[in-house]
Number of protein chains: 2
Amino acid sequence: MKLLTKHTDYAIRALLELAGSKDEFLSAQQIAKRQRVPYQFLRQILQGLIKDKLVISKEGRGGGFRINKHPYLISIVDVIVIFQGNIQLSDCMFRKKLCINRANCVLRKQINRVEKLVNKEFKGITIGCLLRDLEKPKRRG
Amino acid sequence: MKLLTKHTDYAIRALLELAGSKDEFLSAQQIAKRQRVPYQFLRQILQGLIKDKLVISKEGRGGGFRINKHPYLISIVDVIVIFQGNIQLSDCMFRKKLCINRANCVLRKQINRVEKLVNKEFKGITIGCLLRDLEKPKRRG
DNA sequence: TTAACTGACATTATTATAGTATCAGTTATA
DNA sequence: TATAACTGATACTATAATAATGTCAGTTAA
Ligand code: FES
Ligand code: FES
């Protein structure tokens, strides 16, 4: 069972790369090479990030992509939502006839609660804090 | 994004049905009909439940399946684990070279934390409490 | 004017999930 | 003792989600 797909995975890597060179434009080629991600696939993903204005692009020679938001303001939920839709742990499992008491259904309630929890937790994980973690690899134990 | 698959869905329904007729053997046919679940698919699922001894079976005419554990001791995690494996929200997203500081990786830590949370929450949801909810549909508001 | 780029979109491959089919063996019962 | 109603086991097919590739038109800097 996977909560995060490759789309999300690669998107986060791309964002980390772009956050690391904040003011430059990086081409899809460069990002693909540095992060070892399939080039064409990455391009699709970058288009997704553009739609939500997490990055902007510049066409033509010397063009590429640049991050468009402060890294601490981009959480991994933002990315998940673009590529996988809202975090929804399950459709309502039981249909009307079975689950007469939908409003009070324990399963429904619990799943909703867990869902909110996951959302909240993931909102706290930002590109900024991930980048900081990557850039300060040596901490004394 | 789905956390619960049809296997899990149907398994929970079957368990609810069996928990409702604790001491009888119900045939796969009966369960399939009552819960409106595809018969052959359900049979596969019941075999899964047998392997973990959540239910036992009786072969031959008049045979079928019977629940084998107290409903309050069967949580939906038990069922999820059988059909979908351990709740693991993602594989480690970044490989060694990228994430030098694996031990301290924020993402890794956070995802692990959320994972534990989900597990804990789902452990609290048992067949017993779901059945109780189904059987007492009318609560005063 | 051409090499290095993005935009847009069609296509294919791979894997996970969902569902069906078949047949051998068991058991109650008529 | 024949047979109808069952399970056990496993092979198979279908469908959908995910992952990845390919192509071509248009843009821009050098
Ligand atoms: S699971 Fe949907 S109402 Fe109970
Ligand atoms: S995500 Fe795996 S070590 Fe950071």
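First the proteins, then the strands, lettered A, B, ... as listed; each starts at 1. Everything numeric here is computed off the predicted structure, so don't read it as measured data.
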Original post:
Out of I50(B), L49(B), I45(B), which one pairs with Q47(B) under the side chain to side chain contact (heavy atoms under 4.5 Å, CB included) rule?
Top reply: I50(B)
Subject >> Interatomic distance, F41(A) CZ vs dA8(C) P [rounded to whole Å] >> reply: 18 Å
Subject >> Residues which pass side chain to side chain contact (heavy atoms under 4.5 Å, CB included) with K58(B), listed by chain and number, not counting sequence neighbours >> reply: F25(B)
Original post:
Rounded to the nearest Å, what distance is computed from the CG atom of residue L4(B) to the P atom of nucleotide dT17(C)?
Top reply: 12 Å
**OP:** Quick one: closest heavy-atom pair of L42(B) and A28(B), and the distance?
**Re:** CD2-O, 3.5 Å
Original post:
Phosphate oxygens OP1/OP2 of dC5(C): is one of them under 4.0 Å from a side-chain N or O of S57(A)?
Top reply: no
Original post:
Is H7(A) near enough to dT18(D) that one of its side-chain N or O atoms lies under 4.0 angstrom from OP1 or OP2?
Top reply: no
Subject >> Per F65(B) side chain, nearest of listed nucleotides dG8(D), dA8(C), dT21(D) >> reply: dG8(D)
Original post:
Are OP1 or OP2 of dA8(C) and a side-chain N or O of Q47(A) less than 4.0 angstrom apart?
Top reply: yes
Subject >> Nucleotide dG8(D), atom P - distance to CD1 of I56(B) in whole Å >> reply: 11 Å
Original post:
Which is true for L46(B) with a 4.0 Å heavy-atom rule: it touches a base, it touches only sugar-phosphate, or it touches nothing?
Top reply: nothing
Subject >> Protein-nucleotide distance (L49(B), atom CG; dT7(D), atom P), rounded to Å >> reply: 13 Å
Original post:
What does nucleotides 22-30 of chain D look like as a protein-contact string, B for base, S for sugar-phosphate only, - for none, at under 4.0 angstrom between heavy atoms?
Top reply: BB--BBBB-
Subject >> Nearest non-hydrogen partners of R66(B) and D23(B), listed with the distance >> reply: CD-O, 3.6 Å
Original post:
So, do Y39(A) and Q29(A) sit near enough that their side-chain heavy atoms are less than 4.5 Å apart?
Top reply: yes
**OP:** Indicate yes or no: at least one non-hydrogen side-chain atom of I67(A) is less than 4.5 angstrom from one of L54(A).
**Re:** no
**OP:** Check every atom of dA20(D), dT20(C), dT6(C) against the side chain of P38(A) and return the nucleotide holding the closest atom.
**Re:** dA20(D)
Original post:
Once you round it to whole Å, what is the distance between P of dT17(C) and NZ of K6(B)?
Top reply: 13 Å
Subject >> Separation of dA9(D) C1' from I45(B) CD1 (nearest whole Å) >> reply: 16 Å
Subject >> Closest non-hydrogen atom pair between R13(B) and V37(B), with its separation >> reply: CD-CG2, 4.1 Å
Original post:
Start at the 5' end of DNA chain C and walk down; is the nucleotide closest to L42(B) or to F83(B) reached first?
Top reply: F83(B)
Subject >> Separation of atom CD1 in I31(A) from atom P in dC5(C), rounded to whole Å >> reply: 11 Å
Original post:
Are Y10(B) and dA18(C) close enough that a side-chain N or O sits under 4.0 Å from OP1 or OP2?
Top reply: no
